[in-house]
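Heavy-atom basis, side chains included; hydrogens, waters and symmetry copies ignored.
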Amino acid sequence: MDKLPKNFIQQQIIDDLAEGKNGGRVHTRFPPEPNGYLHIGHAKSICLNFGTARKFGGLTNLRFDDTNPTKEETEYVDSIQEDVHWLGFDWDDRLYYASDYFDKLYEFAVSLIKSGKAYVDFQNQETISDQKGVPTRPGMDSPYRNTSPGENLEIFVKMKDGFYNEGDCVLRAKIDMSSPNMHMRDPLMYRILKQPHHRTDNKWCIYPMYDYAHGQCDYWEGITHSICTLEFEVHRPLYDWFVDELKDSDYRPRQIEFSRLNVSYTVMSKRRLLQLVKENFVNGWDDPRMPTICGLRRRGYTPESMRAFSDMVGITKVDGVTDVAVLEYCIREDLNKRAQRVMGVLDPLKVVITNYTEGQIEEIDAINNPEDESMGKRKVPFSRELYIEREDFMENPTNKFYRLSPGREVRLRYSYFIKCTEVIKNEQNEVIELQCTYDPETKGGNSPDGRKVKATLHWVAVAQAVKAEVRLYDRLFTDPDPAGHKDKDLLEFLNPDSLKVLTECYVEPFVKNAKPLDNFQFERLGYFNIDPDSTAGHMVFNRTVSLKDGYKK
RNA sequence: UGUCCUGUGGUGUAAUUGGCAACACGUCUGAUUCUGGAUCAGAAGAGUUCAGGUUCGAAACCUGACAGGACAACCA
């Protein structure tokens with residue numbers, strides 16, 4: 001984590017340091033608005049902010065950007081802190097809220113009014129908007145633009161004291177109505193919202209706008225590098241304008257923008273994620289199909305894999321879409337080294353070993369993780385009646401299929417070679433059972449005569465297996481860039497098969513005392529974890545990601 | 001008919017700041033293997049959006065096009 005790949009932001013920090021700016025300090029902040037759950041794009045920003053500061057021996061604050069009480073809730077504040085911690089980062093005692101600065105922001109507004117740089121505008125929203133003009137044409141001055149500072153101050157105090165109603169008036173900065181940058185055309189600083197705030201309750205009825213609050217909060221916290229996403233690029237002159245009015249030393253925070261993360265086959269905007277939750281297209285913010293941090297956590301992703309992903313995608317100003325395969329690579333790579341192996345059958349087909357003694361049970365040695373010897377071994381029960389994966393049998397095998405078929409010998413992992421002698425079907429001509437013979441000489445999985453088999457199958461013993469529910473997830477959308485079509489609604493691309501619930505699955509008894517979120521590899525199938533819905537009597541697994549499959553039909 | 005930003009293999013990034021385009025994912029071979037996984041070895045795939053210019057030399061600098069994005073919430 002300490003040696004992130006070099007990127008343009010680090011280069012700028014190096015340059016700033018070389019110029020001796022800010023006394024050699026590096027101080028960043030992660031400033032979410034508590035209006036939703038964090039997603040993997042935020043994870044990238046968290047890793048960038050905390051990781052960059054750490055690299056330069058600096059600090060990172062967590063700050064809730066809570067300037068709009070109509071959208072913000074304590075539920076989100078709590079989940080955000082949980083997610084940042086889970087990712088492996090800590091802000092020590094530097095937890096801040098924009099609302100901590102409401103008094104100071106008010107005082108600063110008063111000083112701007114006194115120096116004639118802010119005024120109260122009583123026009124309605126539509127009129128103000130019309131006067132702003134359009135990007136290609138200059139705007140017009142408001143008739144309230146030249147109200148005297150004294151009068152403005154009097155009005156602003158009344159605004160704060162609740163004398164006016166929502167929409168009656170706003171406080172605006174007096175900058176430049178003909179600026180080519182729309183954000184400089186006398187931007188709003190305060191609006192009236194007669195709404196309780198999740199932290200300040202009813203103390204305020206005027207609330208600062210983001211643009212008026214952010215740079216000042218950065219300044220008061222001693223932030224040196226205020227990293228945000230590209231859409232704030234055009235806000236930077238305004239950020240600088242307020243900081244210039246405020247600063248009283250050489251220190252100044254600097255805003256740097258990078259491109260937000262997009263991942264193929266999913267969406268990354270809080271608004272759209274909220275829609276998926278509210279309209280029940282998913283089962284909540286932590287639905288394992290969601291790109292939210294809590295969703296990915298529930299799905300089985302580890303903090304390590306998410307940090308690795310964050311490092312891999314890099315930091316630039318280029319708009320693009322990262323292939324979800326990169327994310328999947330990161331979790332496979334991590335879990336391959338760490339996950340406990342176990343055998344589980346998702347679509348069971350019964351196998352009876354006709355020459356195996358009825359009632360006999362053998363405890364077979366199995367390796368817990370071939371990538372990590374220190375994880376040791378476990379015992380797996382073997383008996384006459386087993387389940388194998390239905391797709392591991394083909395009655396009339398194609399030439400690329402080398403698993404079980406009539407007359408063919410394969411290995412059951414860690415146990416014996418078996419040969420299929422008979423296929424039993426029901427009236428619908430469906431295969432319901434296989435009769436096989438085993439070779440007692442092949443115990444442990446190798447034949448003393450050196451004969452080879454082409455396939456090794458996973459299996460579980462019928463009587464000892466734990467019955468489980470397994471939830472298989474597929475991409476939420478069928479289009480690589482579902483939000484990227486101007487003419488089409490995102491919902492048109494919802495994948496109807498993004499969730500498949502299997503209720504007749506069997507897993508070896510080893511998993512019995514596992515806890516929610518524990519990761520496993522089901523051999524030959526993929527990585528699975530225990531869903532929090534799981535109970536002692538009803539185990540529920542999520543498939544985090546399948547194994548790479550080299551078998552092409 | 002504005003301002004700002006961005007254009008490098010399929011994808012994401014890199015190129016020590018002007019020195020014959022590198023890495024990762026993905027894809028495809030082969031070896032190996034009691035996971036069709038992992039591992040190992042290798043391959044294909046861009047001449048850097050285009051056109052000019054500066055230079056011994058340009059992905060990088062300049063000019064001009066073209067393409068994409070952001071900006072006209074009392075959202076952040």
Base, sugar-phosphate or nothing for [X]? Non-hydrogen atoms, less than 4.0 Å.
X: A/Arg332; answer: nothing
X: A/Glu328; answer: nothing
X: A/Gly445; answer: base
X: A/Val321; answer: sugar-phosphate
X: A/Tyr329; answer: sugar-phosphate

Each nucleotide of nucleotides 66-76 of chain B classed B (base within 4.0 Å of a protein heavy atom), S (only sugar-phosphate) or -, in 5' to 3' order, makes ---SSSBSBBB
Mark yes or no: A/Arg378 above the aromatic ring of A/Phe510, with NZ or CZ under 6.0 Å from the six-membered ring centre and no more than 45 degrees from the axis.
yes
Stepwise, does the side chain to side chain donor-acceptor pair (under 3.5 Å) test hold for A/Tyr301 with A/Asp334? CA-CA 9 Å; A/Tyr301 277 77; A/Asp334 186 33; over 6 Å; no
Q: Considering only NZ, NE, NH1 and NH2 on the basic side and carboxylate oxygens on the acidic side, decide whether A/Arg338 and A/Glu304 come within less than 4.0 Å.
A: yes
With the side chain defined as heavy atoms from C-beta on, A/Arg524 is closest, among B/U17, B/U6, B/U35, to B/U35
Distance col, row A/Leu346:CG vs A/Phe528:CZ, nearest 0.5 angstrom, shows 5.0 Å
Identify the pairs formed between an N or O of the protein and an N or O of nucleotides 40-50 of chain B at a distance under 3.5 Å, and give each distance.
none

Taken to the nearest whole Å, CG/A/Leu335 to C1'/B/U35 is 15 Å
If one requires at least 3 consecutive Watson-Crick or G-U pairs with distances under 3.5 Å, the stems of RNA chain B turn out to be B:2-7 with B:66-71, B:10-13 with B:22-25, B:27-31 with B:39-43, B:49-53 with B:61-65
